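A short worksheet on the structure shown next.
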Amino acid sequence: MPAPVSVLIPTLNAAAELGETLAHLVDGVQDGVIRELILADGGSNDDTRAIAEAAGAVWVPASGGRGGQLRAGAAQARGSWLLILHADTHLAPGWVQAVSNHIAERPSQAGYFRLAFRSSATAARLTAGWAILRSRRFGLPYGDQALLIHRDTLGAVGGIPDIPLMEDVALARALRGKLLPLAAEARTSAHRYETEGWLTRGTRNLITLIRYLAGAEPATLAARYNRKR
């Protein structure tokens, strides 16, 4: 039987982080969980493609922001399950068993990881704590927590939203009642928080979420978000 999971990573000039992220997936390949690795790229001009090809990944050029990239990548996936993962997020030891358990025991449910930042700052723990609370209480895990979902479940909610920003929130809302936490940790980069300031970055993310939930167009939010990167 083929391995069940297609790992889908949206990329854009991700060379600095991608190699280490892929290294944390090796156990999944060796244990027969990962079938393939798909990189859906939004136009990188660094070494992202070279790193992807060295790892044997399927390279999918795409446009339209992260939602469009993910839809294009998902269309190429052969696995019965998708693991959507950001290029700067490392899955912590134990993730293979957690994913295997979920696939065996909760096939109709999507799963997300417990967030942590690769930082020892107190603000990192507080921010991660808010993300865990937001996920459990309001059913809104973000993309940096990674998402495990069966392709039939994804199809039943209309697939990955083809929007340039907040595609993770839109998908989480569509999956309301079908999202469960996995017993494993996703350790994401703290670079943007450390560069902009934890409070500034956190406030900016919260305002963007509130504006989206209030009805702002994702394209408008994306244009504003990208101007401030």
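A quick note: this is a predicted structure, and the numbers were derived from the prediction, not measured.
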message = Evaluate Leu209 against Met166 for side chain to side chain contact (heavy atoms under 4.5 Å, CB included), listing each step before the verdict.
response = CA-CA 8 Å; Leu209 173 62; Met166 307 304 288; 3.9 Å; yes

task = Just do the side chain to side chain contact (heavy atoms under 4.5 Å, CB included) check on Asp41 and Arg49 with the steps written out, would you?
result = CA-CA 8 Å; Asp41 189 76; Arg49 182 165 189 170; over 6 Å; no

task = Decide yes or no on side chain to side chain contact (heavy atoms under 4.5 Å, CB included) for Leu148 and His102, but give the supporting numbers first.
result = CA-CA 9 Å; Leu148 177 68; His102 183 95; 3.8 Å; yes

inquiry  = Apply side chain to side chain contact (heavy atoms under 4.5 Å, CB included) to residues Thr11 and Ile9 and explain how you reach the verdict.
reply    = CA-CA 6 Å; Thr11 55; Ile9 303 178; 3.8 Å; yes

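Closest approach of Ala87 to Pro10, counting heavy atoms only: CB-O, 4.2 Å. For the pair Gly32 and Pro4, the tightest heavy-atom approach, listed with the atom from each and the gap, is O-CD, 3.7 Å.
By the criterion of side-chain heavy atoms lying less than 4.5 angstrom apart, applied directly or through intervening Ile, Leu, Val, Met, Phe, Trp or Tyr residues, Leu18 is grouped together with Ile34 in one hydrophobic cluster. In this structure, Leu179 is a member of the same hydrophobic cluster as Leu154, with clusters built from ILVMFWY side-chain heavy atoms closer than 4.5 Å. The hydrophobic clustering, which links ILVMFWY residues whose side-chain heavy atoms are closer than 4.5 Å, places Leu70 and Leu147 together. There is a path of hydrophobic side-chain contacts, each under 4.5 Å, that joins Val157 to Ile84. A single hydrophobic cluster is seen to contain both Leu182 and Val96, as judged by linkage of ILVMFWY side chains at heavy-atom distances under 4.5 Å, directly or through other members.
A salt bridge links Glu17 with Arg118: the closest approach of a Lys/Arg side-chain nitrogen to an acidic carboxylate oxygen falls below 4.0 angstrom.
Taking the side chain as every heavy atom from C-beta outward, Leu25 and Leu22 approach each other to under 4.5 Å. Between Val99 and Phe113, some side-chain heavy-atom pair lies under the 4.5 Å cut-off. In this structure the side chain of Pro141 never reaches within 4.5 angstrom of the side chain of Asp168, judged on heavy atoms. Side-chain atoms of Leu221 and Arg211, non-hydrogen and from C-beta on, do get closer than 4.5 Å to each other. Under the 4.5 Å side-chain criterion, counting only non-hydrogen atoms from C-beta, Leu213 is in contact with Arg173. Looking only at side-chain heavy atoms (C-beta outward), Pro181 and Tyr112 come within less than 4.5 Å of each other.
For His150 (side chain) and Ile103 (main-chain N/O), no donor-acceptor pair under 3.5 Å exists by modelled atom type. Side-chain atoms of Arg192 do not come within 3.5 Å of backbone N or O of Arg201 as any donor-acceptor pair. A side-chain donor-acceptor contact under 3.5 Å links Trp95 to the backbone of His24. The closest donor-acceptor contact from the side chain of Asp46 to the backbone of Ala15 lies under 3.5 Å. A donor-acceptor pair under 3.5 Å is absent between the side-chain atoms of Thr89 and the main chain of Leu85, judged by distance alone. Panel note: side chain Glu36, backbone Arg78; a donor-acceptor pair is recorded below 3.5 Å. Here the side chain of Asn13 pairs no donor or acceptor atom with the backbone of Thr48 at under 3.5 angstrom. With Arg114 contributing its side chain and Ile132 its backbone, the two residues share no donor-acceptor pair below 3.5 Å. A donor-acceptor pair is defined here as one N or O able to donate and one able to accept, closer than 3.5 Å; no such pair exists between the side chain of Arg66 and the backbone of Asp162. A side-chain donor-acceptor contact under 3.5 Å links Gln145 to the backbone of Tyr142.
With a 6.0 Å radius and a threshold of 12 heavy atoms from other residues, nucleotides or ligands, Glu217 has its CD atom at or below the threshold. Within a 6.0 Å radius of CZ in Arg136, other residues, nucleotides and ligands contribute 12 heavy atoms or fewer.
Using cut-offs of 30° and 60° for the angle between ring planes, the Tyr193 and Trp198 rings count as parallel.
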